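Lettering follows sequence order; numbering is per chain, from 1. Since the structure is predicted, the reported quantities are computational estimates derived from the model, not experimental observations.
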2 protein chains.
Amino acid sequence: MSNTEASLLPLIESGPGAGTPCCPPLTERPFTADEAETAARMFKALGDPVRLRLFSSIASHAGGEACVCDISDVGVSQPTVSHHLKKLKEAGLLSSERRGTWVYYRIEPSALAAMGGLLTAPPASA
Amino acid sequence: MSNTEASLLPLIESGPGAGTPCCPPLTERPFTADEAETAARMFKALGDPVRLRLFSSIASHAGGEACVCDISDVGVSQPTVSHHLKKLKEAGLLSSERRGTWVYYRIEPSALAAMGGLLTAPPASA
DNA sequence: ACAAGACATCGATGAATGTCGAATCAAAGG
DNA sequence: CCTTTGATTCGACATTCATCGATGTCTTGT
């Protein structure tokens, strides 16, 4: 009931205005403090080996989604897996949905695109 | 343990074989433990607001390089700036060179490309 | 109603991290 | 040689983080 996650600002807008990433490419101009704060949250979310394996497992799964039971074999305990999935969800990289007994996690494509946009840097055109 | 950094594996090959990134795209298949360990180091390096501002400042600077004195205005002390630049260098994202009084840091383009490659994910083709 | 399975939350703990001031090193100039 | 300026290293500290076992919640099947 405690909707703690509602207080977290979404890193990627999912409603109208979607497709407008949080920040320009890293090479375009120096980031402001706010932009850096926002973008760093996403990078930090993927800056852990366990989270990266979980994310990769889900992303490469059929349909871009997977149930927890299918990706829990990453060498850490079940509560730890749950903890990391929560972190990825809070960073806006995943969304979850319960279907019967199982909970399915799904990749948030816009977040993936936003991070790719930060690193896509063709400065030759300028 | 004097040469601590020498024990760190390079994240990006800079000799022959350059252009072969450390890992496939995140969406291609589940990462192995080793791949996750390698890729997570790069993401973690950019997972700090100060480091992200420093990196962005250098990347957007003319010539893709900048001296420390030009990018030290990020709200933290100068030793802290030096500390973060060292971290970025250890992650393979920057290289440094002393020219007279000043030290210049430069973006490592292959590292930027490698990270972009991880996030470049057109799963629609499958 | 009860038991079992899947997943989340809680509380604790050891390790890693970001930050600073002081000290140190390196180059340039008087 | 000594001082000044730019940058790194050192030592210390507070905070954050990853991890675990125990417990709680939700759903299904008996």
| Would you say A/Val81 and A/Val50 make side-chain contact, with heavy atoms under 4.5 Å? | no
| remark: Expected list for residues 93-106 of chain B near DNA chain C, using heavy atoms below 4.0 Å, is B/Arg98, B/Gly100, B/Thr101
| request: Would you indicate whether the side-chain heavy atoms of B/Ser57 and A/Phe31 approach each other to under 4.5 Å? | output: no
| task | Give the C-alpha distance, both sets of side-chain angles, the deciding distance and a yes or no for side chain to side chain donor-acceptor pair (under 3.5 Å) between A/Lys89 and A/Ser95. | result | CA-CA 6 Å; A/Lys89 191 178 170 182; A/Ser95 60; over 6 Å; no
Contacts under 3.5 Å, N or O only, protein and nucleotides 17-19 of chain D:
{"residue": "D/dA18", "atom": "OP1", "partner": "A/Arg51", "partner atom": "NH1", "Å": "3.2"}
{"residue": "D/dA18", "atom": "OP1", "partner": "A/Arg51", "partner atom": "NH2", "Å": "2.8"}
{"residue": "D/dA18", "atom": "OP2", "partner": "A/Lys87", "partner atom": "NZ", "Å": "3.1"}
{"residue": "D/dT19", "atom": "OP2", "partner": "A/His84", "partner atom": "NE2", "Å": "2.4"}

| query | Within a strict 4.5 Å, meaning less than it, do heavy atoms of the A/Lys44 and B/Lys44 side chains meet? | reply | no
| said: If you define the side chain from C-beta out and look only at heavy atoms, does anything of A/Leu112 sit under 4.5 Å from A/Leu93? | reply: no
| said: Using a 4.0 Å cut-off on heavy atoms, which residues in residues 65-74 of chain B reach DNA chain D? List them by number, or say none. | reply: B/Cys67, B/Val68, B/Cys69
| task | Would you check if B/Leu46 and B/Met115 make a side-chain contact, meaning some heavy-atom pair closer than 4.5 Å? | result | yes
| field | B/Asp70 atom CG, over 12 foreign heavy atoms within 6.0 Å | value | yes
| query | Is the closest side-chain heavy-atom distance between A/Glu35 and A/Thr32 below 4.5 Å? | reply | yes
| said: I need the full list of salt bridge (Lys or Arg N to Asp or Glu O under 4.0 Å) pairs touching residues 53-63 of chain A, with sequence neighbours left out, sorted by first then second residue. | reply: none
| request: Kindly state each residue pair satisfying disulfide bond (SG atoms under 2.5 Å apart) with at least one member in residues 46-108 of chain A, sequence neighbours excluded. | output: A/Cys67-A/Cys69
| note | Heavy atoms of A/Leu26 and B/Ala59 approach each other most closely as O-CB, 3.9 Å
| message | Counting C-beta onward and ignoring hydrogens, is there a side-chain heavy-atom pair between B/Leu118 and A/Leu119 closer than 4.5 Å? | response | no
| remark: Span of DNA chain C engaged by chain B, first through last nucleotide within the 4.0 Å heavy-atom cut-off, is C/dT17 to C/dA28
